[in-house]
J.: 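The structure under discussion is supplied below as structure tokens; questions concerning it will follow.
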Amino acid sequence: MTVALMRGDHLHFRFSGAAQWALADVSVALPQGQMTAFVGPNGSGKSTLLHCLTGTWTPVQGVVTYATAPLSEWSATQRAQHIALVQQAHTAAPLLTVQEIVRLGRTPFRRLWQAWTPQDERAVQDALQVTGLADLAGRSYTALSGGQQQRVWLALALAQEPAVIFLDEPTTFLDIHYQLALLQTLQQLQRSRGLTVGIILHDLNQVLQFADQVYCLQAGRVVAAGPPAAVLQPALVQAVFGVRAETIQTPQQHAALVFY
Amino acid sequence: MVMIDSARRRWRLAAGLIVLLGAVLVLSIRLGSVPIHWSELLALLGGQKTAHALVFMQIRLPRVVLSLVTGVNLALAGLLLQTVLKNPLADPGIMGISAGAAFGATVVMLLFPAAAAVIPLAAFGGGMAAFLLILAFSWRQQLAPIVLILAGVAVNTVISGGQSVLTTLFSDRLQGVVLWLNGDLSGKTWGQIGLVFAYSVPAYLLIVLLLGKLNVLSLNDTAAASLGVPVRFYRLVIAAAGVYLAAVTVAQVGLISFVGLIVPHIARLLVGGNHRVLVPFTILVGALVVSCGDTIARTIVAPVELPVGTIMAILGGPFFLFLLLRQKGGSRA
């Protein structure tokens, strides 16, 4: 049985002034070294859940646990030394080079004016290599394509050398080539390094292809959870997304959904 | 893009700017209603007492030094505010800090003309009070950059309205106010300059201490927070440092626009956004711009002296537009 590295138990979250719960009694577990996907319609609470799990937002009720300790007992720096977050989009495009941005991933490990260590350099170079950005290290971020820019944020997160990485719709602005490349990179890291991945995806077929388990959210509640092929059935897709679907088998023996 | 991406090119650019700054400073010392010839300048620098030793030591040199400190402080203030508020238009002017300082100084000049000695104190107090007002209005919104900016614009508007009322009611006493409002580097003593510098040192030290955090704060708030950085704390501390530098400076030299707004952009266009490089270049460009502007302001229609802020706006605006055009064209320095 795979041990859950991160858990969220009975999480409740409500935005100030809102009458509805954004999250209502949500419990999730992220097994170590596996990819857990979160799916659901817009406004179902996926991003809110990710913010609660990363500790950037504090749930009103419920506990987030990393390893065996409640996340609330950790400092922000300690959290950042274990948990990384890749956002969907960055509104502010920094006038920095690729390498300068990726180096910021070492922030949680460095005190004010601490010297750059060989460990810092190794982590940055490794992140650049894994994401295929080594040749672009000196390039300005603003001169990169959308796909390359998204890889920069992944590299920054990897430079944190996290045990868990959360990604909030990382494929939204990417073409299909970059979408698959990003997910394949994550899958390699998950398999080679035991990286635990929590990812919000809209493409249910990518969930079927890459994820080990999936949580389906609707109106702030988990309505289904388990292995993707078992969860993402046409009946659930119809009930949650209001879309008719059929399951087919790909030549690679993956289940896939056809929508109509 | 005008982006110097190699360390060697940055050093060459820095050397060029330092040489240019040196040339401007020498010219600034030499030129004026009483010109100092090269031979005399060399003698003065060699420690000899010449005919114009007093002009050199008590008028030209203090003014040049003050122009350097003013340029550095206002440029750094703009850079810090633009970074932590994530807004390219953030500067002490648009945030209402300058208006607060102007209001404080104007109250003393118009209502208590006998208390001229406290004008710098009133200006400093006015600037800081404006900042505290902005903080008070933004606190509940967790010091979100856009709320801080909008609160700053609103505070700026209200204070400027109060300023208009004052100047309308006391229109017969406006001469000193107008001079102060346009910025004035003349007639300052070494004591006054020492005061500005001494008050600025703590902010300089803070900037050096937090240099590594400035790049993180240029990311969006969620990204910075996910790296373990307490964004609100650093935003408050760094914005306060910027406001403090601006208030300390404006208190002594009056309002000088353009520097805080444009100099950080010029520096960014030259060397990019890495604050470890950007801060030194902002210091250099700020010093260069104000010393250059002041030299032109007091020599171009001599013996009449133009307001230094006006000169910089007239020359700096087109120069900035030129840099922007080069950026669009994709050319490199």
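A, B, ... follow the sequence lines: proteins, then strands. Residue 1 opens every chain.
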J.: Report yes or no: do B:His275 and B:Thr83 form a side-chain donor-acceptor pair below 3.5 Å?
T.: yes

J.: Check whether A:Leu156 gets within reach of chain B through its side chain, its backbone, both or neither, counting any heavy atom under 4.5 Å.
T.: side chain

J.: With a 4.5 angstrom heavy-atom cut-off, is it the side chain or the backbone of B:Val229 that approaches chain A, or both, or neither?
T.: side chain

J.: What side chain to side chain donor-acceptor pair (under 3.5 Å) pairs are there with at least one residue in residues 226-247 of chain B, not counting sequence neighbours?
T.: B:Asp221-B:Arg235

J.: Return the CZ to CG distance between B:Phe131 and B:Leu148, rounded to the nearest 0.5 Å.
T.: 7.5 Å

J.: Just jot down the side chain to side chain donor-acceptor pair (under 3.5 Å) partners of B:Trp139, sequence neighbours excluded, or say none.
T.: none

J.: Ignoring hydrogens and angles, state whether a donor on the side chain of B:Gln82 or B:Arg268 is under 3.5 Å from an acceptor on the partner side chain.
T.: yes

J.: By side chain to side chain donor-acceptor pair (under 3.5 Å), which residues pair with B:Thr222, not counting sequence neighbours?
T.: none

J.: So which of B:Val216, B:Leu210, B:Leu278 has the largest heavy-atom pair count under 4.5 angstrom toward chain A?
T.: B:Val216

J.: In this structure, are over 12 heavy atoms from other groups packed under 6.0 Å from B:Tyr199 atom OH?
T.: no

J.: A:Gln160, A:Arg79, A:Arg106: which one forms the most heavy-atom pairs within less than 4.5 Å of chain B?
T.: A:Gln160

J.: Working to the nearest 0.5 Å, report the span between OG1 of A:Thr131 and CD of A:Gln150.
T.: 11.5 Å

J.: What residues of residues 45-74 of chain A sit under 4.5 Å from chain B when only non-hydrogen atoms are counted?
T.: A:His51, A:Thr56

